[in-house]
Amino acid sequence: MTKPQDWNDEELLSRLGVVLDDADPVPPEVVAAAKSVVPRLELELDVDTIMAEVVFDSASDELVGVRGTREATRELTLSAPGVEIELVVLSDGARRLVGQLVPPQTGTVELTSGQVVRTTHADHLGRFTFLEVPEGPIRLSCRLDADGQVVQTNWLVI
Amino acid sequence: MTERTVADLLAAVVHGDHTAFDVIVDRYVRLVWSVIRSFRLDGETAKDVSQTVWTRLYVHCGKIRQPERLAGWLSTTAKNECVRVLREQRRQVPTDMTDEWALGSTPASDESIVEDEMRRELLEAFAELSADCQQLLRLLTADDDLDYTAIAEIIDRPIGSIGPTRARCLDRLRRIMVRRAPTGDEVMDSREE
């Protein structure tokens, strides 16, 4: 066994690390509390989530043509207290979803289609885009950076 | 099993995977705790600060721009919260953490008594160091991911000063140990393998 004066810096530091861990370990309740953050906040988040309702849909507001034909462009407006989400579904070639938050603001936007969830960011003008959006039901969830408010849509068939 | 990257874990949390958050907590809880304790907050306040840091991580987990620097993000967040709390408390005298430490609490059953004694000596010598040295050494032992850049940010010192200060503090620690245990050599020698 070596003596303290013989320990080099690395050995001294590593021994100190062990000793400090032993004397002042992370209390188990600190670990448990940290892990409880997610379920607790999700509960709060659910309460704070507001739903955005469809107030305009070009597919239903336009005169109904022959059933089954698809417009190359479909526009939707969803409204929630304090914020609107404008959506354009472009179907010329690869289907993509272009969105706009009104008033313009940044946020994290999630697109759920089936089991797949994709995330993007709305830029400072409130714009966001999802490329190659599959057909079928989708749902959008947007966490606004300004106040952390979550705005969610019901399932939309696009 | 390959270890999941922090970026993967954060993305999983964003998508509602609770277990991914638990993995992150397990990975970094010691680092966060060490940073908080390096500011000499008492146990209860330290727990509050810890909870604030983890809550903040969850709220921001979709917005961490450099996932590979998560250790730095966590330590900076912990530091800012510690500074805020200390300012609020306007405390003149920081808590002497070593009072709360249970010296030699670990049973010596599977360890040599000499090793145990040396640990006690090391801890007591550490307690004699200046607050600044204690903080720096504590941070240096916290986590491999806590690099000099992050440590410099936490203690508000130029990054170039960390190396020299580290050497100076360790030298002091070594000298305190030698001074405190002048007779310890005999005990150690008798146990030498």
Side-chain angles (χ1 to χ4, degrees), chain A residues 1-42 44-46 48 106-112 115-122 141-145 147-150, chain B residues 11 13-16 18 21-22 25-26 29-30 32-34 37 43 46-47 50-51 53-55 57-59 62-63 97-98 100-103 105-106 112 114-115 118-123 125-126 137-138 140-142 166-167 170-171 173-175 177-178 181 184-185 188-189 191-193:
Chain A
M1 180 167 299
T2 56
K3 299 165 199 161
Q5 56 264 42
D6 300 328
W7 298 342
N8 64 23
D9 284 3
E10 277 62 41
E11 183 171 9
L12 182 54
L13 204 54
S14 107
R15 282 176 180 270
L16 181 64
V18 173
V19 166
L20 287 176
D21 256 359
D22 188 39
D24 188 23
V26 183
E29 64 267 28
V30 165
V31 182
K35 289 180 178 177
S36 76
V37 162
V38 178
R40 193 169 47 76
L41 281 189
E42 275 193 343
E44 287 174 22
L45 224 52
D46 279 347
D48 287 341
T106 57
T108 305
V109 186
E110 271 188 2
L111 172 74
T112 308
Q115 296 294 311
V116 183
V117 182
R118 291 152 68 188
T119 307
T120 191
H121 294 278
S141 170
C142 181
R143 183 156 61 190
L144 306 175
D145 286 344
D147 52 6
Q149 178 79 64
V150 175
Chain B
V13 174
V14 170
H15 295 158
H18 292 195
F21 194 81
D22 292 354
V25 170
D26 284 331
V29 72
R30 180 169 169 272
V32 171
W33 184 250
S34 298
R37 292 294 263 175
K47 286 176 191 173
S50 164
Q51 196 63 357
V53 171
W54 292 109
T55 303
L57 173 65
Y58 179 64
V59 171
K63 293 179 257 176
M97 282 187 309
T98 49
E100 292 182 19
W101 289 347
L103 287 176
S105 60
T106 309
S112 78
V114 175
E115 190 70 12
M118 209 179 288
R119 287 183 175 201
R120 180 194 294 271
E121 292 287 347
L122 183 51
L123 197 58
F126 178 78
L137 294 185
R138 175 105 205 197
L140 286 166
T141 61
R166 172 188 191 264
L170 285 173
D171 195 47
L173 180 62
R174 199 179 289 115
R175 275 190 283 124
M177 285 195 77
V178 172
D185 287 3
M188 284 175 222
D189 288 345
R191 296 275 178 145
E192 212 151 19
E193 287 160 5

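Naming convention: chains lettered A, B, ... in sequence-line order (proteins, then strands); numbering from 1 in each chain.
Within the 4.5 angstrom heavy-atom criterion, atoms from both the backbone and the side chain of B/W54 approach chain A. Looking at B/R175, there are no atoms closer than 4.5 Å to chain A (heavy atoms on both sides), in backbone or side chain. In this structure, chain A has a heavy atom under 4.5 Å from the side chain of B/V25, while its backbone stays farther away. If you measure heavy-atom distances from B/A167 to chain A, the contacts under 4.5 Å come from both the backbone and the side chain.
Between the OG1 atom in B/T141 and the CZ atom in A/R15 there is a gap of 14.5 Å [rounded to 0.5 Å]. Atoms CG and CG, on B/L122 and A/D22 in that order, are 11.0 Å from each other to the nearest 0.5 Å. Taken to the nearest 0.5 Å, the CZ atom of B/R37 stands 11.0 Å off from the CG atom of A/L20. Between the CG atom in A/N8 and the CZ atom in B/R174 there is a gap of 7.5 Å [rounded to 0.5 Å]. Of the inter-residue distances, the one linking B/L170 atom CG with A/L12 atom CG reads 5.0 Å to the nearest 0.5 angstrom.
The minimum heavy-atom distance linking A/S36 with B/Q51 is given by the pair OG-NE2, 3.9 Å. Considering all non-hydrogen atoms of both residues, B/V14 and A/E110 come closest at O-OE2, 3.1 Å.
The salt bridge (charged side-chain N to carboxylate O under 4.0 Å, His left out) search around B/K47 returns A/E29, B/E44, not counting sequence neighbours. Considering only residues two or more places apart in sequence or on other chains, A/T119 meets the side-chain hydrogen bond (donor to acceptor under 3.5 Å, both in side chains) condition with B/H15.
Contact check for B/F126 versus A/L16: side-chain heavy atoms found under the 4.5 Å cut-off. Counting heavy atoms from C-beta on, the side chains of A/P25 and B/W33 never come closer than 4.5 Å.
Counting heavy-atom pairs closer than 4.5 Å to chain B, the top residue among A/G17, A/A33, A/P27, A/A34 is A/A34. Ranked by non-hydrogen atom pairs under 4.5 Å with chain B, the options A/V31, A/T108, A/D21 are led by A/D21.
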